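These notes concern the structure reproduced below.
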Amino acid sequence: MLRQLNPEQLAAVTLPQEHALILAGAGSGKTRVLTTRIAWLMATGQVSPGGILAVTFTNKAAKEMMTRLGAMLPVNVRGMWIGTFHGLCNRFLRAHYKLAALPQSFQILDTQDQLSAIKRLLKQLNIDDERFPPKQLQWYISGNKEEGLRPHNLTGRDEDTRKKIELYRLYDEQCQREGVVDFAELLLRSYELLRDNDPIREHYQRRFRHILIDEFQDTNTLQYAWIKMLAGKAEVDQGLPPGHAGSVLAVGDDDQSIYAFRGARVGNMADFVREFEVRQQIKLEQNYRSHGNILDSANALIEHNSRRLGKNLRTDQGPGEPVRVVEQASDFAEAQWMVDEIRQLVRDGVPRKEIAILYRSNAQSRVIETALFNAGMPYRVYGGLRFFERAEIKHALAYLRLLENRHDDTSFLRVVNFPPRGIGARSIEQLQDAARTHGCSLHDAVSSLSGKAGSNLTAFVARVDVLREQTAGLTLREIIEQVLEGSGLLEHYKADREGADRVENLEELVNAAESFVTQEGFGRDAVALPLDEHGLSQSPASQGLDPNAPLVDTPLPDVAPDTGETLSPLAAFLTHAALEAGDNQAQAGQDAVQLMTVHSAKGLEFDCVFIGGMEEGLFPHENSMTERDGLEEERRLMYVAITRARDRLYLSFSQTRLLHGQTRYNLRSRFFEELPEDALKWITPRQSGFGMGSRGTAPGRFGIEAGNFPSAAAPLPPQKAAPSHGLRAGMKVFHTKFGEGTVNLLEGNGDDARAQIDFPRHGVKWLALAVAKLTPVP
């Protein structure tokens with residue numbers, strides 16, 4: 001049992017019965033230590049299976065632990081108290097439901113069920129859900145529960161806060177009447193029962209002689225309080241004699257605490273050391289996953305965080321290959337480079353499933369997915385949906401389809417009550433019955449309904465009709481921007497505390513349209529064809545326009561059936577979206593490239609890892625600049641990303657990126673300044689272009705809007721005619737942001753002209769002359 005352990009692992013497994021902290025670095029065999037510790041305690045007769053409480057953060061981790069234990073010892077592991085916080089609290093409350101004032105068959109509300117219960121409460125009380133949005137009230141209730149606070153513990157300084165406290169109280173009463181509990185209530189009710197019932201508390205304190213907590217860095221305030229209660233420390237805090245407590249073995253890695261947005265409190269680790277008077281701190285620093293250059297990069301980066309307990313990963317596998325760093329001209333070029341490199345890796349024998357592309361923001365996946373799709377390379381989006389399959393994108397596309405065809409019943413049903421507008425299932429049934437009776441579309445059947453249902457449905461149809469009128473004659477990008485605002489989708493997701501990613505994805509849909517227009521040969525001013533009374537595109541001639549005046553610079557090959565008319569930009573884009581959503585997601589078991597956010601990658605490992613978008617404002621994210629300890633959290637996130645790689649790690653950034661509908665110049669991520677130079681290999685020259693700066697110069701904030709800067713990787717043709725801007729190589733120029741610089745090279749003509757300029761304080765940069773304000777220096 002102990003033979004395969006290294007000295008630090010052995011010390012952790014064979015600790016005497018006392019409180020201890022195991023700082024387990026990435027890839028250091030943490031699960032092996034936990035399971036072997038439990039098995040060793042039972043095999044040596046120190047504790048029975050019923051005397052162990054092991055808490056994990058996922059059901060998957062709990063199942064893996066039980067499987068390993070079952071293979072190590074002839075015991076019935078299913079009866080042991082091993083599981084997640086919520087799973088164990090559910091088991092505890094089922095055993096003591098009467099004392100917890102719950103019915104024996106109490107039900108658990110998931111997040112959606114809880115939201116529905118809150119909406120029902122607001123409706124019963126005739127509360128304005130615009131003043132008190134259900135989602136925000138849900139966060140308020142759950143957030144307070146996770147801090148251990150009931151309504152009577154809260155005070156309100158203003159009327160709205162006092163009203164929220166009252167609604168929290170009424171919600172609790174409603175749940176109690178109905179015999180249901182939400183996720184946060186499971187833990188809070190368990191904690192309160194332990195706190196208020198001495199016999200129950202003392203029983204479990206005597207029973208659990210060994211308490212083991214996995215992923216301790218991810219615990220929140222209430223979870224830590226629950227642990228302290230079972231361990232007998234809560235009595236000491238309250239001035240009472242200590243309970244009959246067992247020992248607590250906390251296992252975690254403060255350098256991988258990346259869930260502050262969910263309420264995780266990395267400070268619990270330092271509090272644990274102080275409050276439990278921990279004498280044993282064992283660091284698991286031997287890494288069994290990655291080569292030396294990867295670990296050196298991770299170690300050097302995380303050393304810049306000040307609030308950490310400190311450890312240094314090491315390996316016996318040798319330095320391995322250097323970390324490859326690549327700069328590209330645009331996000332499209334970056335994605336294409338990834339595809340080309342993956343092709344070579346596959347040719348070299350690396351399975352596609354062992355290749356991962358990580359990104360800081362979900363919105364980044366769209367460009368990468370397009371490149372993989374065009375290359376015919378199977379991929380899988382881990383822990384989420386592909387771009388065009390995400391709910392918020394499908395909602396937006398449904399509105400756009402209704403603009404193009406008001407008789408699209410599928411799209412109508414998808415968004416008729418989204419964002420919510422008081423149209424219930426009964427109203428929809430009445431509308432569908434009317435449509436069947438009259439043999440018409442849902443849109444046309446609305447006029448046959450009366451009463452409240454008819455009124456709400458008429459208001460929805462009117463909103464879509466207004467959007468159709470407002471977007472006639474607009475460019476594709478303008479259409480989508482108008483629909484996102486006019487439909488209420490942006491406002492709805494902005495009001496959601498966890499809706500930031502969805503807002504970014506909707507903004508990325510604008511970028512997708514912009515790219516589509518460029519790639520498919522539409523002119524920048526291509527507009528939507530007006531629609532006739534049937535909601536179908538009209539030809540130029542029917543509008544009294546010159547039929548010979550092209551609506552697009554280069555007609556698309558897609559032609560509407562039987563008419564010979566080119567599809568409108570909107571219709572062509574919707575076709576493109578449907579095709580991209582349909583084909584390339586890998587089938588179950590198929591060898592496929594893995595795409596995911598860095599948050600989703602925690603706990604996973606791959607032979608080869610690409611981390612894209614290493615730019616200021618993206619990674620680290622611009623939001624971190626205004627949040628307390630935000631930059632340290634971003635650094636921990638980067639540490640997690642780096643340590644996912646076993647053999648090869650690629651870091652990439654682009655000179656320009658289409659973000660929020662604007663092409664911007666990028667400054668490379670400050671994290672490059674924190675990585676060890678001898679572990680890196682710059683595939684592109686160290687000072688080749690945008691955002692490179694000079695070593696030691698702190699990068700500025702992300703983004704300088706650059707209009708429609710060319711996004712292709714290929715260079716523009718050198719100028720042949722005399723330039724209209726009057727610049728020439730060797731000339732001194734002044735830029736309002738970068739200061740004085742020297743023109744190295746000029747390329748392109750007219751609106752596509754750009755210049756390579758060497759700025760002493762900011763390095764060499766390419767600037768679009770149609771946008772950049774450059775003043776010649778005499």
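Just so it is clear, the model here is predicted, and its values are computed rather than measured. If you read the sequence from its start, that first residue is 1, and numbering goes on from there.
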Practice item. Spell out, as yes or no, whether a donor-acceptor pair under 3.5 Å connects the side chain of N197 to the backbone of I200. Key: yes

Check your understanding: Regarding T219 and N268, is there a side-chain donor-to-acceptor distance under 3.5 Å anywhere?
Key -> yes

Review point. Do the non-hydrogen side-chain atoms of R307 and V266 ever get within less than 4.5 Å of each other?
Key: no

Exercise for review: Taking all heavy atoms of L222 and all of G148, pick out the closest pair and write down the distance.
Suggested key: CD1-CA, 4.2 Å

Check your understanding: Within the side chain of D214, is there an N or O that forms a donor-acceptor pair under 3.5 Å with the backbone of V55?
Key -> no

Exercise for review: For R636 and I258, indicate whether the former's side chain and the latter's backbone hold a donor-acceptor pair under 3.5 Å.
Suggested key: no

Point to revise | Atom of L618, atom of S361 and distance for their closest heavy-atom approach | key: CD1-CB, 4.4 Å

Practice item. Tell me yes or no: between the side chains of H395 and R414, is some donor less than 3.5 Å from an acceptor? Key: yes

Exercise for review: Before giving the answer on side-chain contact (heavy atoms from CB on, under 4.5 Å), spell out for D160 and R131 the whole-Å C-alpha distance, their side-chain angles and the decisive distance to 0.1 Å.
Suggested key: CA-CA 9 Å; D160 277 7; R131 182 182 173 192; 2.8 Å; yes

**Study point:** Presence of salt bridge, K119 and D129, under 4.0 angstrom
**Key:** no

**Study point:** Check: S142 side chain, Q138 main-chain N or O, donor-acceptor pair, under 3.5 Å
**Key:** yes

Review point. Does P419 reach the side chain of L489, with side-chain heavy atoms less than 4.5 Å apart?
Key: yes

Exercise for review: Apply side chain to side chain donor-acceptor pair (under 3.5 Å) to T58 and E215, showing your working.
Suggested key: CA-CA 10 Å; T58 64; E215 303 286 7; over 6 Å; no

**Study point:** Validation row: F412, R406 side chains within 4.5 angstrom (heavy atoms)
**Key:** no

Exercise for review: Look at the side chain of D182 and the backbone N and O of E185, then say whether any donor-acceptor pair between them is shorter than 3.5 Å.
Suggested key: yes

Review point. Yes or no on side chain to side chain donor-acceptor pair (under 3.5 Å) for N90 and R94, after CA distance, side-chain angles and deciding distance?
Key: CA-CA 6 Å; N90 173 59; R94 297 286 177 189; 3.1 Å; yes

Review point. Strictly by modelled atom types, are E633 and Y259 linked by a side-chain donor-acceptor pair under 3.5 Å?
Key: no

Exercise for review: Taking the side chain as every heavy atom from C-beta outward, state whether L358 and M596 have any pair of such atoms under 4.5 Å apart.
Suggested key: yes

Point to revise | Euclidean distance, R162 CZ relative to L154 CG, rounded to 0.5 Å | key: 13.5 Å

Exercise for review: Could you tell me whether the side chain of N405 and the main chain of R401 form a donor-acceptor pair under 3.5 Å?
Suggested key: no

**Study point:** L93 versus F106, closest heavy-atom pair with distance
**Key:** CB-CZ, 3.9 Å

Study note, to complete from the structure: Paired with E481, the side chain to side chain contact (heavy atoms under 4.5 Å, CB included) test is passed by just one of V510, L506, L476, namely V510

Study note, to complete from the structure: dist I393:CD1 -> L509:CG (nearest 0.5 Å) comes out at 4.5 Å

Review point. Looking at CD of Q114 and OH of Y171, how far apart are the two atoms once the value is rounded to the nearest 0.5 Å?
Key: 4.0 Å

Review point. Charged N to carboxylate O under 4.0 angstrom, E178 versus R120?
Key: yes

Check your understanding: Using the benzene-type ring in the case of Trp, are the ring centres of F216 and F272 under 6.0 Å apart?
Key -> yes

Practice item. Determine, step by step, whether H492 and R502 satisfy the side-chain contact (heavy atoms from CB on, under 4.5 Å) criterion, reporting the C-alpha distance in whole Å, the side-chain angles of both residues, the deciding distance to 0.1 Å, and the verdict. Key: CA-CA 10 Å; H492 173 78; R502 296 184 186 272; over 6 Å; no

Review point. Can you tell if the side chain of E392 reaches within under 4.5 Å of the side chain of L484, non-hydrogen atoms only?
Key: no

Check your understanding: Would you call R265 and D271 a salt bridge, using N to O less than 4.0 angstrom?
Key -> yes

**Study point:** Gap separating the OH atom of Y168 from the CD1 atom of I118, nearest 0.5 angstrom
**Key:** 11.0 Å

**Study point:** Heavy-atom donor-acceptor pair, D409 side chain to L442 backbone, under 3.5 Å
**Key:** yes

Review point. Yes or no on side-chain contact (heavy atoms from CB on, under 4.5 Å) for E146 and T221, after CA distance, side-chain angles and deciding distance?
Key: CA-CA 7 Å; E146 288 170 0; T221 300; over 6 Å; no

Exercise for review: For residues G87 and T84, report the shortest heavy-atom separation together with the two atoms involved.
Suggested key: N-OG1, 3.0 Å

Exercise for review: Run the salt-bridge test on K494 and E491 with the 4.0 Å N-O cut-off and return the result as yes or no.
Suggested key: no

**Study point:** Q432 CD to L413 CG distance, which is reported to the nearest 0.5 Å
**Key:** 5.5 Å

Revision key, fill the gap. side-chain contact (heavy atoms from CB on, under 4.5 Å) filter on Q470, not counting sequence neighbours, yields V466, L467, Q482

Exercise for review: Would you confirm whether N153, through its side chain, and R150, through its main-chain N or O, come within 3.5 Å as a donor-acceptor pair?
Suggested key: yes

Practice item. State whether a side-chain donor-acceptor pair under 3.5 Å links N511 with E508. Key: yes

Practice item. Taking atom CD of E159 as the centre, report whether more than 12 heavy atoms of other residues, nucleotides or ligands fall under 6.0 Å from it. Key: no

**Study point:** NZ/NE/NH1/NH2 to OD/OE distance under 4.0 Å, D158 and K164
**Key:** no

Exercise for review: Quick one: sort the F183 and H86 rings into parallel, tilted or perpendicular, breaks at 30° and 60°.
Suggested key: tilted

Review point. Passes side-chain contact (heavy atoms from CB on, under 4.5 Å), F85 versus I227? Steps please.
Key: CA-CA 10 Å; F85 278 103; I227 294 164; 3.9 Å; yes

Review point. Salt bridge or not for E166 and R169, using N-O below 4.0 Å?
Key: yes

Exercise for review: Could you tell me whether a side-chain N or O of E478 sits under 3.5 Å from a main-chain N or O of T475, the two making a donor and an acceptor?
Suggested key: yes

Review point. Roughly how far, to the nearest 0.5 Å, is the OG1 atom of T458 from the CZ atom of R463?
Key: 14.0 Å

Study note, to complete from the structure: Closest non-hydrogen contact found for S190 with C89 is OG-CB, 3.3 Å

**Study point:** S487 side chain to V483 backbone, donor-acceptor under 3.5 Å
**Key:** yes

Exercise for review: Please tell me if the side chains of L125 and L167 come closer than 4.5 Å, counting only heavy atoms from C-beta onward.
Suggested key: yes

Review point. Strictly under 6.0 Å, is that where the ring centroids of F92 and Y204 end up?
Key: yes

Review point. Can you check whether H96 reaches L193 side chain to side chain, under 4.5 Å on heavy atoms?
Key: yes

Practice item. Compare every heavy atom of Y140 with every heavy atom of I165, then report the nearest pair and how far apart it is. Key: CG1-OH, 3.2 Å

Check your understanding: Considering only heavy atoms from C-beta outward, does the side chain of L137 approach that of L122 to under 4.5 Å?
Key -> yes

Practice item. Would you please say whether a donor-acceptor pair under 3.5 Å links the side chains of S365 and R390? Key: yes

Review point. Under 6.0 Å from the NZ atom of K163, do we count more than 12 heavy atoms belonging to anything else shown?
Key: no

Practice item. Using side chain to side chain contact (heavy atoms under 4.5 Å, CB included) as the criterion, point out the one residue from L109, L102, L187 that pairs with V181. Key: L102

Check your understanding: Of all residues at least two apart in sequence or in a different chain, which pass the side-chain contact (heavy atoms from CB on, under 4.5 Å) check with A101?
Key -> Q176, R189

**Study point:** Basic-acidic side-chain contact under 4.0 Å: R360, E634
**Key:** yes

